[in-house]
Amino acid sequence: MIRGVIKTLEVKWKSYRHRFVPWIAVNLQKNERTLRQVTARSEDKTVPDVDVSASLVKLFTALLKNDVTKRDVLRLLPSSVQSRYLQNSSKTQTDSPGQVMLHTLGFWIERSPSSLPFAGTGVFVTKGSVPKGATVAMYPGTVYQEYEPILLQSIGNPFVFRCIDRVLIDGNDKGISKIVYRSCSGRDRMGPLALCDVSWLTDSPENPLAVGQYVNNCSNEKAANVCYQEFDVPEDFPLELHQYLPNVSYRHDTKRPLRCVVLVSLREIECGEELFSNYYTIVH
């Protein structure tokens, strides 16, 4: 029994240690290949934000056109908006989000046990291939500004992402983190339209990109093939497509654009490969 407890603690520690500041300080320089280094905050962008936005709009538009269950809501919107999505109103069957991703972006990603020992769940390209510079995944969760409370949610939580400007994103899909996200998402609606996606909290996300919290850290043997990029949703992002954004602000009166984090491919990624990122970016 004692061995079982020790084994369980060991597995949890190996998952959590990358968020434990003292461990990071001691071990950061031991594995320099796992670090991403940039010379300024402005150089943390692998591709322009307009390209990220265009990619998201392309996929989200295809998802909305494909989902026959959302037609009644679309008919409540202005005719100019309806015309973008109701062109094939005779369609009666919905393709899976993964199929839509494959047809729209040329690849399909899914969660599966990681190829790394003790790493738990990972994310793999299961169909197609990812070109260099593509938006491969999104990091879902509640967005906290630097001054907002996250202590209880962060205890034992390996899914808290820290942006360069100290904005935090809690990508945990269980426990109190899940409750907080659902509460905030229920608060933020515009009539019949949801302004964020809650399906990433389930095993069947409507936005197939929203699995970025399960992308594992690279190692000295397996180099990073994707990197994180902070992305603030622009004002002209179509309102009806916000329902696929897997992020929500902790406070409804936050005076800044919604922060998202996407993962961008650093090279071409073939079918069958696991996605690996750099958990640490050092700004010189």
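- Legend: side-chain hydrogen bond (donor to acceptor under 3.5 Å, both in side chains) pairs involving residues 97-110, not counting sequence neighbours, sorted by first then second residue: Ser96-Gln99, Glu110-Thr126.
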Stepwise side chain to side chain contact (heavy atoms under 4.5 Å, CB included) check, Cys260 with Leu245: CA-CA 8 Å; Cys260 294; Leu245 291 172; 4.3 Å; yes
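- Under the 3.5 Å distance criterion, the side-chain polar atoms of Thr202 are matched with a main-chain donor or acceptor of Ser204.
- Surrounding CZ of Arg166 are at most 12 heavy atoms belonging to other residues, nucleotides or ligands under 6.0 Å away.
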Assess whether side chain to side chain contact (heavy atoms under 4.5 Å, CB included) is satisfied between Glu230 and Val262, documenting all intermediate values. CA-CA 6 Å; Glu230 297 167 20; Val262 299; over 6 Å; no
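- Taking the charged nitrogens against the carboxylate oxygens, Lys65 and Asp95 have no contact shorter than 4.0 Å, which rules out a salt bridge.
- Counting only residues at least two apart or on different chains, the side-chain hydrogen bond (donor to acceptor under 3.5 Å, both in side chains) pairs with a member in residues 182-197 are Asp197-Ser199.
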Evaluation steps, side chain to side chain contact (heavy atoms under 4.5 Å, CB included), between Met138 and Leu56: CA-CA 10 Å; Met138 301 183 72; Leu56 296 182; 3.8 Å; yes
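- Between the side chains of Arg259 and Gln145, not a single donor N or O lies within less than 3.5 Å of an accepting N or O.
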Report the C-alpha distance between Val143 and Val248 in whole Å, list the side-chain angles of each, state the deciding distance to 0.1 Å, and finish with yes or no for side chain to side chain contact (heavy atoms under 4.5 Å, CB included). CA-CA 6 Å; Val143 181; Val248 64; over 6 Å; no
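- Gln82 places a side-chain N or O within donor-acceptor distance of the main-chain N or O of Arg75, the cut-off being under 3.5 Å.
- Under 3.5 Å, the side chains of Ser177 and Asp170 contain a donor-acceptor pair of N or O atoms.
- A search for salt bridge (Lys or Arg N to Asp or Glu O under 4.0 Å) contacts involving Glu274 returns nothing, not counting sequence neighbours.
- When the options Val100, Leu105, Leu63, Leu102 are evaluated for a side-chain contact (heavy atoms from CB on, under 4.5 Å) with Pro208, the one that passes is Leu63.
- Contacts classified as ring pair (Phe, Tyr, Trp, His ring centres under 6.0 Å) and involving residues 169-203 (residues at least two apart or in different chains) are given here: Tyr181-Trp200.
- A donor and an acceptor atom, one from each side chain of Ser114 and Asn216, are located under 3.5 Å apart.
- Looking at residues two or more places apart in sequence or on another chain, you find a side-chain hydrogen bond (donor to acceptor under 3.5 Å, both in side chains) between Arg267 and Glu273.
- In this structure, Phe161 has its ring center closer than 6.0 angstrom to the ring center of Tyr228.
- With sequence neighbours excluded, no residue forms a side-chain hydrogen bond (donor to acceptor under 3.5 Å, both in side chains) with Asn207.
- For the side-chain contact (heavy atoms from CB on, under 4.5 Å) with Leu275, the lone residue among Val226, Val211, Val130 that qualifies is Val226.
- The aromatic rings of Phe60 and Tyr244 sit tilted relative to each other, their planes meeting at an angle between 30° and 60°.
- Salt bridge status for Asp173 with Lys178: absent, with no side-chain N to carboxylate O gap under 4.0 Å.
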